[in-house]
Amino acid sequence: MLILGGTSEALALARGLSGNRHFETIYSIAGRTKTPNLPPGKVRSGGFGGVDGLCGFLKDQHIDLLVDATHPYAARISANAVQAARVLGTTMLALRRPAWRPEPGDHWREVVDMTAAAAALGDATRRVFLTIGALELAPFKPCPNFFLIRSVDEIPAPLLPGNHHAITARGPFALEDEHALLETHAIDVLVTKNSGGPATYPKLMAARETGIEVIMIKRPRLPDVSHKVCDVEAALRWLEAHHAGTAATERGV
Ligand code: NAP
């Protein structure tokens, strides 16, 4: 089995399967973060080289089960996975984290991408908490606003907007710490992806509790898949059921 990873769910799934004699797993990451969290067992890092490269890897490694547990904004690898599975007839499961939904007290403005988010900032005096990746900062660079920027790895200076304070941290984050950050930096707008999941949700709770506006970048559209689950427990159940079905077929039951 190949697990396309880089998320807490992918990691938990790989850990949950570690030592399970029904599955031999390879865990794959894009190789972008300096010190990635990795599960025990076989790990590979770096792109495959598009759909053709992924097909080649699946064939070389005799992969009979492909699990896409990547981040909801990692649209390219998810599309490549669907296409490669289709080309080779490989069974594929997608672990797709449900999106966050606004609750009473939230002030969300949904935008389609980072450029629209930068345009939506409006008044130059607004102080922004930005929790997006280093490679997505370009549209914010010309903005005169103050930016508190949080990322997993340090961001190279040329990518950063002029007026900023950069911090490195890896979730999960605690609500009181998110409140402290908003207060210390006098933040009045949060820009975030709709990543879903509990690890980074406290920033939205803190924004709600302090009446701060949230500019929410909409999720990209992902291709449909025939087998989809929304959490790790469901993925483990699906995989065990799939194994039982395959084993029964092999026994001719
Ligand atoms: P992306 O735009 O969908 O992928 C870009 C390219 O990176 C892919 O075409 C593929 O290269 C390679 N790649 C991506 N995920 C891979 C994986 N798990 N294993 C091997 N190669 C992979 O993805 P992205 O948004 O840059 O995200 C990269 C990774 O970071 C993903 O694994 C994702 O789970 C994780 N991540 C992303 C975000 C986010 O906000 N986007 C947040 C947290 C974690 P080839 O075409 O050469 O195969």
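Order of appearance sets the numbers: ligands from 1, and atoms from 1 within every ligand. Small disclaimer: the values here were computed from a predicted structure and weren't measured.
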Looking at ligand 1, would G46 count as a contact under a 4.0 Å heavy-atom criterion?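 Yes.
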
So, does N80 sit close enough to ligand 1 that a heavy atom of it is under 4.0 Å from the ligand?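 For ligand 1, residue contact (heavy atoms, under 4.0 Å) with N80 is present.
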
Using links of under 4.5 Å between side-chain heavy atoms of ILVMFWY residues, direct or through other members, which residues join L13 in one cluster?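 In the cluster with L13 are M1, I3, L11, L17, F23, Y27, I29, L38, V43, L65, V67, L93, L95, V229, V232, L236, W238, L239.
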
What protein heavy atom is closest to [atom], reported as residue, atom name and distance in Å?
| atom | answer |
| --- | --- |
| atom 48 (O) of ligand 1 | F48 N, 2.7 Å |
| atom 11 (O) of ligand 1 | G47 CA, 3.5 Å |
| atom 10 (C) of ligand 1 | I77 CD1, 3.9 Å |
| atom 43 (C) of ligand 1 | H71 CD2, 3.4 Å |
| atom 2 (O) of ligand 1 | R76 CB, 3.8 Å |
| atom 35 (C) of ligand 1 | G6 O, 3.7 Å |

Determine if the distance from atom 7 (O) of ligand 1 to the closest protein heavy atom is below 4.0 Å.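 True for atom 7 (O) of ligand 1.
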
Heavy atom to [atom], shortest distance: which of [options] holds it?
| atom | options | result |
| --- | --- | --- |
| atom 47 (O) of ligand 1 | A10, G49, S78 | G49 |
| atom 32 (O) of ligand 1 | A30, G5, A74 | G5 |
| atom 5 (C) of ligand 1 | R32, E136, R44, E9 | R32 |

Working to the nearest 0.5 Å, report the span between [atom1] of [X] and [atom2] of [Y].
| X | Y | atom1 | atom2 | answer |
| --- | --- | --- | --- | --- |
| S195 | K203 | OG | NZ | 5.5 Å |
| T192 | F129 | OG1 | CZ | 8.5 Å |
| M205 | T210 | CE | OG1 | 11.5 Å |
| R126 | L121 | CZ | CG | 7.0 Å |

Which ligand 1 atoms are under 4.0 Å away from a heavy-atom of S28?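 So the answer, numbered in order with elements, is 17 (C), 18 (N), 19 (N), 20 (C).
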
So if I count the atoms of ligand 1 from 1 in the order they appear, which ones are less than 4.0 Å from some heavy atom of G50?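 Answer, ordered by atom number: 45 (P), 46 (O), 47 (O), 48 (O).
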
Using a plain distance cutoff, I'd like to know if K193 has any nitrogen or oxygen under 3.5 Å from a nitrogen or oxygen of ligand 1.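 Looking only at distances, the answer is yes, because the N/O contact criterion of under 3.5 Å is met.
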
Using a 4.0 Å heavy-atom cut-off, say whether A75 meets ligand 1 through its side chain, its backbone, both or neither.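 Near ligand 1, A75 shows its backbone, while the atoms from C-beta on stay back.
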
Indicate, with yes or no, if I132 and I167 share a hydrophobic cluster defined by side-chain heavy-atom contacts under 4.5 Å among Ile, Leu, Val, Met, Phe, Trp and Tyr.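 Unlinked, I167 and I132 end up in two clusters.
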
Within 6.0 angstrom of E209 CD, more than 12 heavy atoms from elsewhere: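 More than 12 heavy atoms, drawn from other residues, nucleotides or ligands, come within 6.0 Å of this atom.
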
Between D188 and R127, is the salt bridge (Lys or Arg N to Asp or Glu O under 4.0 Å) condition met? List the steps. CA-CA 5 Å; D188 50 29; R127 296 175 65 86; over 6 Å; no

Between W100 (side chain) and G197 (backbone), is there a donor-acceptor pair under 3.5 Å?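 A pair under 3.5 Å: yes.
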
Apply the side-chain contact (heavy atoms from CB on, under 4.5 Å) test between L204 and each candidate in L175, D106, L190; give the one that qualifies.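 One option only clears the test, and that one is L190.
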
